[in-house]
Protein chains: 2
Amino acid sequence: MPSTPRPARTSYHHGALREALLDGARELLAEGGADSFSLSALARRLGVSTAAPYRHFADKDALVDELCGEGYREFGRALTQAASSTTDARERLDALGVAYLRFAREHPAVFGIMFTDRGPAVLASGVPTFEVLVDAVVAAQDAGALPPGADPRVLARTVWATLHGLAVLGRRGGFTKLAIDDDEARLVADALALLTR
Amino acid sequence: MPSTPRPARTSYHHGALREALLDGARELLAEGGADSFSLSALARRLGVSTAAPYRHFADKDALVDELCGEGYREFGRALTQAASSTTDARERLDALGVAYLRFAREHPAVFGIMFTDRGPAVLASGVPTFEVLVDAVVAAQDAGALPPGADPRVLARTVWATLHGLAVLGRRGGFTKLAIDDDEARLVADALALLTR
DNA sequence: CCTCCGATGCGAGAGCCGTTCACATTGTAA
DNA sequence: TTACAATGTGAACGGCTCTCGCATCGGAGG
């Protein structure tokens, strides 16, 4: 069962090439990492010419940017869902942290792309993704789980940085000597236990 | 004064091409980011043929790996120097944090390369770089600045993750809405104030 | 001093990639 | 039916990584 040569269509026009390109790009990214992803390989896999993608995206970067945008939206959904899983402000922080690390683990390629230099427009589109995290930090502060006197923005960026650092360093095995084999829940719980009281 | 066509040599053999390649690669990386760095452009800048670099590096990845190794060593030197700037365990943590963020700011391209997927060998070569950070966390714990009962490895990875997260998110302007304009000293001080007591 | 050889340079070229351009095919609205 | 806008094709250009056979140099041994 050859997976590479996919006929995928019978008529001259593909019909839903734009979506197929995005889906195929996610697959290629997941299979071979960000380096081994080429528009040529993508077109080949979908059975269209190498020029076809340019009817739907200005260039390769535009396609990757779109992938980032979708990544932000899905990341945002995952965080929002985690936040709604409990009403306790302190527990919500834990849930958000686990969701953060889980997204990085389950979508490593997209996660990596989302946080590498991708132009200001893409960056701006990602801002709303993390609002739920900032809100949760403020709520935790109101609930007394974080220092009441501190600047909420300082708290938010510190918590965010800690979670992001755990995600990034864990993803590349940076913690090998520091017991990375701990699962995400423990990683997050240990870290947030230091930040909260 | 054209900077691109650099004669750089008069005889048939270059003489110190390996070092020139590494230096030039650092320059190109600093100028145009990791994407716009090609062996062709590098060879062009040095005035050698595109085949010449392959006498010194197996392929492009080998050159980048070497760059990472040098980056780790310089990063380690910066951290070690920061650690030796004070005898107070708590102050030492701050100094290390500032050095961490400063390295990320002053060498953004190399920093970015060091922490993107680059094979297990390169990764392993980076381990000693962060030992000084782990040691400082243990010392701070002994001095009472961090919870005495906690697992030192948990403390170390949490502090490391927080600093790394600050470096990464700050580097790409992720904190725009959260007062990233604060300087590194304040960023680190605020974060470590939450982790220590 | 000469000769030989290993190290290090070169030019040419194969194969992949991104991108463009003129042209082909198709569904649809007038 | 006919014209048009949308979307596909094939060919081509330049750039990139990497390989191959050949050229040039410096130094060690006769």
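The chains referred to below are lettered A, B, ... by the order of the sequence lines, with proteins before strands, and numbering in each begins at 1. Values below: every heavy atom of this structure, side chains too, minus hydrogens, waters and symmetry copies. Keep in mind that what you see is a predicted model, and the values were worked out from it rather than measured.
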All N/O donor-acceptor pairs, side-chain side in residues 64-71 of chain A, below 3.5 Å, sequence neighbours left out:
residue, atom, partner, partner atom, Å
A/D65, OD1, A/R118, NE, 2.9
A/D65, OD1, A/R118, NH2, 3.4
A/E70, OE1, A/R26, NH1, 2.3

May I have the list of side-chain donor-acceptor pairs in residues 73-83 of chain A shorter than 3.5 Å, sequence neighbours left out?
residue, atom, partner, partner atom, Å
A/T80, OG1, A/G76, O, 2.8

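For residues 131-145 of chain A, no residue pair satisfies the side-chain hydrogen bond (donor to acceptor under 3.5 Å, both in side chains) rule, not counting sequence neighbours. Listed by first and then second residue, the ring-ring contact (aromatic ring centres under 6.0 Å, His included) pairs involving residues 15-36 of chain B amount to none (not counting sequence neighbours).
Side-chain N/O atoms of B/S40 include one lying less than 4.0 angstrom from OP1 or OP2 on D/dT17. Close to D/dG15, at under 4.0 Å from its OP1 or OP2, lies no side-chain N or O of B/R44. Contact annotation: A/H56 reaches the phosphate of D/dG8 (side-chain N/O to OP1 or OP2, under 4.0 Å).
The environment of A/R186 atom CZ is sparse: at most 12 non-hydrogen atoms of other residues, nucleotides or ligands sit within 6.0 angstrom.
Contacts of B/A136 classified as side chain to side chain contact (heavy atoms under 4.5 Å, CB included), with partners at least two apart in sequence or in another chain: B/R92, B/L93, B/L96. For A/V168, the side chain to side chain contact (heavy atoms under 4.5 Å, CB included) partners two or more places apart in sequence, or in a different chain, are A/F111, A/H164, B/H164. Under the side chain to side chain contact (heavy atoms under 4.5 Å, CB included) criterion, A/S85 pairs with A/A95, sequence neighbours left out.
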Give every pair of a protein N or O atom and an N or O atom of nucleotides 9-13 of chain D that lie under 3.5 Å apart, one pair per line with the distance.
residue, atom, partner, partner atom, Å
D/dT9, OP1, A/R9, NH2, 2.7
D/dT9, OP2, A/S49, N, 2.6
D/dT9, OP2, A/S49, OG, 3.1

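Regarding A/H14, its NE2 atom lies at a distance of 11 Å from the C1' atom of D/dG8, rounded to whole Å. Residue A/L28 contributes atom CG, which lies 16 Å from atom P of C/dC16 at whole-angstrom precision. The interatomic distance linking A/Y54 (OH) with C/dC17 (P) rounds to 11 Å, in whole Å. In this entry the distance linking CG of B/D35 with P of D/dG15 reads 18 Å, nearest Å. The nearest whole Å value for the distance from the CZ atom in A/F37 to the P atom in C/dC16 is 18 Å. Atom CG in B/D59 sits about 8 Å away from atom P in D/dT19, given to the nearest Å. Protein atom CZ of A/F57 is 17 Å distant from nucleotide atom P of D/dA6, rounded to whole Å. Summarising the geometry, the separation between CG on B/L17 and P on D/dT24 is reported as 19 Å, rounded to the nearest angstrom.
A/V154 and A/V137 fall into different hydrophobic clusters, where Ile, Leu, Val, Met, Phe, Trp and Tyr residues are linked whenever their side-chain heavy atoms come under 4.5 Å apart, directly or through other members.
In the region residues 60-68 of chain A, proximity to DNA chain D at under 4.0 angstrom, judged on heavy atoms, holds for none of the residues.
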